[in-house]
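Structure first, commentary second.
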4 protein chains.
Amino acid sequence: MSPKSKEQFEAIRQKSEATIKSVALELFASKGYNNTSISQIAKAANVSKGLMYNYFDSKEDLLHTILMEAIEEGAGAMEEFLQNRHDPLDELIGITKASIAMVKTNFHYWKLMTALAFQENVITDVKDILEKKQEAIINQIFSIFEHLGAKQPKLEAYLYGAILDGVMVHYINMGEDYPLDEMETYIIEELKRKYGGGGEGRIGRSKDE
Amino acid sequence: MSPKSKEQFEAIRQKSEATIKSVALELFASKGYNNTSISQIAKAANVSKGLMYNYFDSKEDLLHTILMEAIEEGAGAMEEFLQNRHDPLDELIGITKASIAMVKTNFHYWKLMTALAFQENVITDVKDILEKKQEAIINQIFSIFEHLGAKQPKLEAYLYGAILDGVMVHYINMGEDYPLDEMETYIIEELKRKYGGGGEGRIGRSKDE
Amino acid sequence: MSPKSKEQFEAIRQKSEATIKSVALELFASKGYNNTSISQIAKAANVSKGLMYNYFDSKEDLLHTILMEAIEEGAGAMEEFLQNRHDPLDELIGITKASIAMVKTNFHYWKLMTALAFQENVITDVKDILEKKQEAIINQIFSIFEHLGAKQPKLEAYLYGAILDGVMVHYINMGEDYPLDEMETYIIEELKRKYGGGGEGRIGRSKDE
Amino acid sequence: MSPKSKEQFEAIRQKSEATIKSVALELFASKGYNNTSISQIAKAANVSKGLMYNYFDSKEDLLHTILMEAIEEGAGAMEEFLQNRHDPLDELIGITKASIAMVKTNFHYWKLMTALAFQENVITDVKDILEKKQEAIINQIFSIFEHLGAKQPKLEAYLYGAILDGVMVHYINMGEDYPLDEMETYIIEELKRKYGGGGEGRIGRSKDE
DNA sequence: CATGAATGAGTATTCATTCAT
DNA sequence: TATGAATGAATACTCATTCAT
C-alpha cells in the first residue's frame, strides 16, 4: 500500500529472515529439531506460519540454511585463528583455542550440530560437508603431529581429536558447570610440555631420539 | 488343561519380546528414537503393530526397557573389569578397557544412548540414572588420579574422561573405519608412560624414563 | 484328559457361562458397555479371552443375551405381581410395587438398560422388544385409568409412567441416597387417595363429573 | 497489511467453530459421545479431520464446550421464567414451563446430557456442575412445597422432580410422538388443582372440597 | 474344552505444508 | 508481501476377534 522502495523491502526481508533463523536455531538447539514445530518458531519470531515459506522451502531447508552458515562461520573462525602460524605447536594451540572459542561463542549451533550428528536421515548433505571438513582438519592435525615428530602421528592426531571433541561434548552436556577455560589452559599446557621447549617433551619428543 | 503349556507360552513370549527389543534397538540406534515409528518396528520385526503393546506399555516403555538393560549390562561389565584391581594404574587401565569393550560389544546400545544424551525431553529418568552412574565414575577416576599423585587430579580426570568419551563418539560416528583397538593400546601405553614405573610420573615427565 | 461325563462338562459350561454373564453385567453397568473390554471381563471372570467366544459370538451377543434375560425376568416378575388382581387400583399398585422391586433387586440390569436406552446404534433388536413391552404396559395402564374413570386416561397414564420412570432414573443416578421406599409408599398413598375409597379420589375423582 | 482482515478471519473462525459444534452436538446426541469419532464429525461437517483441533483442544474439550453452553443457556432460560414470580404456585408453574421449553428447544442438548448422565468416566467436571445446579433446583422446589403447605414437602418435591424428569426422558426417547404440550398443560392443571384456590390445598385435600 | 499370542482396523491427535485473500 | 484457516498423511495406541496348539 504505502510506497516502499526496493531497499526497504529488502531490509524487511533480511530482518525477518534473520529473526526466523535465530529463533529457529535457539528452539532447535534447546528443544531439538523434531520437537520444534513451525508454529512455535513462527510464534516466537512474531511472524505468520505462511511467511516462513517465503524464505525457506521447508522446515528442513531452514535447518539446512542454519547449519551451513554455522559451518562456514566455524571454518572462517578456524582460518583466522590459524593465520600466520607456521610453527606446528602454535598451530595446534591455535586449533585448540579456535575450537573452544567456537563452541563457547556459538553454543546453540554446536549443541544442535552435535545432536544432529547422532541422527541418521537428517540432512545428509550437511553431514557430508561436515565430514569432509572434519577429515581435512584431521589431516591437518596429522601433518602437524608429523612435523612435531610424533612417533605415531596418526594415533596422536586421533587422540588429540578425541580430547577436543570429548571436551566439547562434555561442555555441551554440562553447560556452565563445565570448567571449560581451565580445561583449555590445561590442554595447552600439556601440549607445550609434550612438544614445546627444547622439543624434549615426552610424546613426540622424537627429534632427540 | 491347556493345550499349550505354560512353558510353551513363556517361550513364545520370550522370543517375541526379544525380537521386538532387538529390532527396536537397531532402528532406534540407526534412525533415532523419534524417527522410528511403531509401524516400522513392527514391519522390521515381521509382527503386527499391536503386538508390541502385549509386551510393553508404550513406545517409551520399550526404549526404557532397552536402555535399562544396557545400563545394567554396562555396570556389570565395568564391575568385572575392576575386580581385584587395587593398583590405581591398573584400575585406570581396567576402566579404559571396560569402556572400550562395552561400546564395541554393544555398539547399538551406545549409539542410541549417545544420541539420546543430546536430545531434550526424552526419558528423563534414564538420564538421571545415567548421570548418577557417570558422576560416580568421574569421582572414582578423580580419586584414582589423586592416588597416582597427579598435580591437578580434577582436570586430569576430566581430560581422561574427555579422551574416553571422545574416542567413543568418534567410534560411534565412524564405525569400523575407526582404529578403536589401536587407540585402546595407545591410550593404555600413554597411561603407563605417565603413571607407570615409580608411580610418580605425569605427562611429560618422560625424561626420567 | 481325565474322563469327564457329559453332565460334568455341561455343568462346567453352565457355570462358566453364568460367571461370564454376571461379571459382564456388573462391569457393563458400572463402567459402561463401551468402556468395558473383553479382556477385563475375562480377567474378572477368571477365564481366558478365547473362552468367551465359545459361549458368545461376540461382545454384542454377550450384551444381547444379558439384556434378554433381564427383560424376560422383568416381564415374569411383573406378571407375578399382577396375578389375581382384578381391581384396577390394585393393579396399579401392583405395577408400582413390581417396578420398584425390580429396579431395586436388579439394580445393575436397570442401570445398564437405562444407559443403553440413550445410545443409538446399540442392540436395536433389544430396543424393539423393549419398546413393544413398554407399549404393552402403557396400554395396560391406559386401560386401568379408563376403568378408574379418569377424565383424561391417556395423559394420566403418561403421567403415571413418567412418575415411575422418573423415580427409577433418580434411584439409578443417586443410588442408596434416594428414598426409594418412602417414595413407593408415597406414590401408592397418592394413588389410593385419588382413586381409592368410594372412587372419589381427587384426580379423576369422578363424582364432580 | 494482511490481505485478509482480522474481521474476515474472525468471521471464518466463528462459522467453522459453530459448524463443528452443531454437527458434533447432533452426532453426539444421536450416536453417543463414545460412538462418534472425530472422523465422522469432520466428514459430516465437510471439513478435514485436523480442523477441529484449531478450535478445540481435544474431543473432550469439544464436548465440554457444547455442554457448558447448554447448561448456561438452560440456567438463563430458567432465570427468565422465574422472574417476577413470587407466588409459590406460579414459581412451580414457571419451572415446569421452563423445563419443558428447554428440552423442546434444545432437544439434542438434553438428549446428549441425559445420555452422559448414565455414563461413567465422562466429563466429571460437567457432571459436578450439573449436580450442583440440580441440587439447587431441588432445594428450591422443596422450599416451594413448604410454602405451599405440603404435608411431606420433601417427598412431594421428589415426586414433582420425578414427573419432570420422567416426562423429559419419555420425550427424549419417543421424540415427536410424545404429547409434550398436552402433558405440560395437564401437569400445570394438576398443580393448580392441588395447590391453587386459597393456596391451602394439597394433594388429597380433595375430599374437603 | 481352554489358552493367550497375534492381528489389524479403528481412534484421537499432531504438524508440515498449501492457498485464498 | 503476509496471514492464518484448512488440509491430510502420519503417529501412538486400543481392542474385538481369530487361531494354533
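Naming convention: chains lettered A, B, ... in sequence-line order (proteins, then strands); numbering from 1 in each chain.
Between A:Phe56 and A:Leu63 the shortest side-chain heavy-atom distance does not fall below 4.5 Å. Contact check for D:Phe28 versus D:Ile41: side-chain heavy atoms found under the 4.5 Å cut-off.
For the segment residues 41-55 of chain D, residues with any heavy atom less than 4.0 angstrom from an atom of DNA chain F are, sorted by number, D:Val47, D:Ser48, D:Lys49, D:Gly50, D:Leu51, D:Asn54, D:Tyr55. Listed in residue order, the members of residues 21-31 of chain A having a heavy atom less than 4.0 Å from DNA chain F come to none.
Of all nucleotides listed (F:dT17, E:dT13, E:dA12), E:dT13 comes nearest to the side chain of D:Ser58.
The list of side chain to side chain donor-acceptor pair (under 3.5 Å) pairs with a residue in residues 13-23 of chain B, not counting sequence neighbours, reads B:Glu10-B:Gln14, B:Lys21-B:Glu69. Residue pairs meeting the side chain to side chain donor-acceptor pair (under 3.5 Å) criterion with at least one partner in residues 49-66 of chain D, sequence neighbours excluded, are D:His64-D:Asp125. Residue pairs meeting the salt bridge (Lys or Arg N to Asp or Glu O under 4.0 Å) criterion with at least one partner in residues 25-42 of chain C, sequence neighbours excluded, do not occur; the list is empty.
Among residues two or more places apart in sequence or in another chain, the side chain to side chain contact (heavy atoms under 4.5 Å, CB included) test is passed with D:Ile71 by D:Met68, D:Met113, D:Val126, D:Ile129, D:Leu130, D:Lys133. In terms of the side chain to side chain contact (heavy atoms under 4.5 Å, CB included) criterion, residue partners of A:Ile172 (sequence neighbours excluded) are, by chain and number, A:Val103, A:Phe107, A:Trp110, A:Lys111, A:Thr114, B:Phe118. With sequence neighbours excluded, no residue forms a side chain to side chain donor-acceptor pair (under 3.5 Å) with C:Gln40. Every residue meeting the side chain to side chain contact (heavy atoms under 4.5 Å, CB included) condition with A:Ala44, not counting sequence neighbours, appears here in chain and number order: A:Val23, A:Leu27. For B:Asn34, the side chain to side chain donor-acceptor pair (under 3.5 Å) test picks out B:Gln119, with sequence neighbours left out. In this view, D:Ser48 and D:Leu51 satisfy the side chain to side chain contact (heavy atoms under 4.5 Å, CB included) rule, not counting sequence neighbours.
Atom pair A:Tyr33:OH and E:dC15:P shows a separation of 13 Å (rounding to whole Å applied). One interatomic measurement links the two molecules: NZ of D:Lys15 to P of E:dA20, which rounds to 16 Å at whole-angstrom precision. Separating the CD atom of D:Gln14 from the P atom of F:dA5 is a distance of 12 Å, rounded to the nearest angstrom.
Nucleic acid contact class of A:Ser16 (heavy atoms, under 4.0 Å, all strands): none.
Between B:Arg13 and E:dG4, a side-chain N or O to OP1/OP2 separation shorter than 4.0 Å is absent.
Among the duplex regions that DNA chain F forms, those built from at least three successive Watson-Crick or G-U pairs under 3.5 Å are E:2-21 with F:2-21, ordered by first number.
Summary of the strand contacts: B:Ile12 and D:Lys59 both lie near DNA chain E, and taking for each the nucleotide with the nearest heavy atom, the more 5' one is attributed to B:Ile12.
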